[in-house]
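All ligand and atom numbering here is 1-based and tracks the order in the structure. Numbering starts at 1 and runs along the sequence shown.
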Amino acid sequence: MNVLLVGGGGREAALAWALARSPRLTSLSAAPGNAGIGRLARRIPIAADDVPALAAHAIAERYDLVVIGPEAPLCGGLADRLRDAGLDVFGPSAAAARIEGSKAFAKELMARHGIPTAGFHIFDDADEARRYLAGAAYPLVVKADGLAAGKGVVIAQDPATAIAAAAEMLSGHAFGEAGRRVVVEEMLSGREASCFVLADGTTTLELAACQDYKRAGDGDRGPNTGGMGTYSPSVWIDERTASEVRERISIPTIRGLAEEGAPFHGVLFIGLMLTASGPKVLEFNARFGDPETQVLVPRLDGDWLELLAAAARGELRGMRARFSERAAVCVVMAAGGYPGGYAKGSPIEGLDEAASLADVAVFHAGTEIDDMGRVVTAGGRVLGVTALGDTIAGARDRAYEAVARIRWDLELHRTDIAADAISETAPLRPPRG
Ligand code: AMP
Ligand code: GLY
């Protein structure tokens, strides 16, 4: 198969690594890719959110499969355009991707189908929001409806904070159109976890669960980021929780979208809160997680290309995804200053040395090749260093051993990824496949 992969971050580097190992692959192209992806794929210089140019390129090349990594082109309708032209696409239509692109859509879908989530109210009028918030019980969560790069969520302890956040969002100053509606939610408490299911429109196929470390600093301190590290399997999702997620969340969500005329082809990312009264949905994403993909991908005992193509073609029925008993840990190495301002262009040393360790994969995220042919930093999250091990502790030690071999000016990483998992549960509970 000739495959086009859309995107150029760490998630896509892990997907490129997975696709490149498939015996079914004839050629791999990536738009735009990054320095690491460029070792495995032909790079096409089109930005991941340039839907018209991506569509024109993919249709002209008649790829056998297009795998869309990030949310922006999904919400922008890239999958629709390609499917209309007869191509097989891993990634939902714009209508189905609203499950990520509009929090109000996702909440109303969950309400219609009885899917467990925090109680909520939706507002598009600042006066109505103010009236409600003035008399509500606190704490509460105020969210911008649309894509806000993980920044459109305010946890408010009092009416003044909530009213200010809602007014700022509804004014359009904070997030533009993404904030023109707000969702006000009940605050949930518990532990967060990330679950993933492939869907081919009707059939779902469960993947392994992961834990993501979202804060910039050790001990979960500092600002929110896209994710500073992950491990899989999650030690917090036991068989009973997994079956609740399957029966009460994954299957009804995919069925609900299909019934409402928006069948979902791709991967549904379920951001969960594990509460005292069971798992509840915090958010859905219409794509793989980053850096969750960097720990999911190496744990599959099987062919990712076969699974992604089956999801694209409506052929998941009867298929299985078997995950290895081994654990994976990914440590993100970021540019100093991330998630705020950071420098680009620093040469990265030690990449080959790190990648030569057994059971280690160094997935590039924000990297480029400079004029002198060196691999340099080109983004906030620069690398995702993943290691496999027989236990989470073993994978973690190996990942940090690899991290220690890589250097650049002002490099930054957390030192406590997966540390809580090994203090609370050793040895690793057997993962479910
Ligand atoms: P979201 O983009 O909706 O996932 O929100 C980002 C983060 O805000 C989540 O990962 C949670 O840490 C937190 N959050 C969102 N909604 C809630 C909620 N209803 N209760 C508690 N925390 C929440
Ligand atoms: N790591 C969280 C995300 O991909 O949205």
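Those atoms of ligand 1 that come under 4.0 Å of a heavy atom in Leu188, given as number and element, are 18 (C), 19 (N), 20 (N), 21 (C). Set against the non-hydrogen atoms of Glu192, the atoms of ligand 1 under 4.0 Å away are 9 (C), 10 (O), 11 (C), 12 (O). Below 4.0 Å from some heavy atom of Gly289 lie the following atoms of ligand 2, by number and element: 4 (O). Remark: ligand 1 atoms within the under-4.0 Å shell around heavy atoms of Glu283 are 1 (P), 2 (O), 3 (O), 4 (O). Those atoms of ligand 1 with a heavy atom of Met187 less than 4.0 angstrom away are 20 (N).
When non-hydrogen atoms are compared, ligand 2 lies under 4.0 Å from the side chain of Glu292 (C-beta onward) but not from its backbone. Contacts between Val153 and ligand 1 below 4.0 angstrom, taking non-hydrogen atoms only, involve the side chain exclusively.
Looking at ligand 1, you won't find any N or O of Asn224 less than 3.5 Å from one of its N or O atoms. Some N or O of Gly226 is nearer than 3.5 Å to an N or O of ligand 2, by distance alone. Between Ala118 and ligand 1, a contact under 3.5 Å exists for no N or O pair. Ligand 2 has an N or O atom lying under 3.5 Å from an N or O atom of Asp212, backbone or side chain. Considering backbone and side-chain atoms alike, Arg287 places an N or O below 3.5 Å from some N or O of ligand 2.
Cation-pi check for Arg299 over Phe323 is not met; the charged atom does not lie both under 6.0 angstrom from the ring centroid and within 45 degrees of its normal.
Between Tyr213 and Tyr231, the angle of the ring planes lies from 30° to 60°, which puts this pair in the tilted group.
Counting only N and O atoms by type, the side chains of Ser194 and Glu292 include a donor and acceptor under 3.5 Å apart.
Of the candidates Glu186, Lys143, Glu185, it is Lys143 that places a heavy atom closest to atom 3 (O) of ligand 1.
Side-chain N or O atoms of Arg81 include none that pairs as donor or acceptor with a backbone N or O of Ala55 at under 3.5 Å. With hydrogens and angles ignored, the 3.5 Å screen pairs no side-chain donor or acceptor of Asp145 with any backbone N or O of Val182.
Looking from atom 4 (O) of ligand 2 to the surrounding protein, the closest heavy atom is Asp290 N, 2.9 Å.
Checked against the 6.0 Å centroid threshold, His57 and Tyr63 count as a close aromatic pair. Side-chain rings of His121 and Tyr132 approach one another, their centers coming within less than 6.0 Å.
Around the CZ atom of Arg248, the shell of radius 6.0 Å holds no more than 12 heavy atoms that belong to other residues, nucleotides or ligands.
In terms of heavy-atom proximity, Ala58 sits nearest to Val66 at CB-CG2, 4.2 Å.
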Quiz item: Under the side chain to side chain contact (heavy atoms under 4.5 Å, CB included) criterion, do Glu192 and Leu282 qualify, and how do the steps go?
Solution: CA-CA 9 Å; Glu192 292 184 42; Leu282 278 178; 3.5 Å; yes

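Residue contact annotation: Gly227 has no non-hydrogen atom under 4.0 Å from ligand 2.
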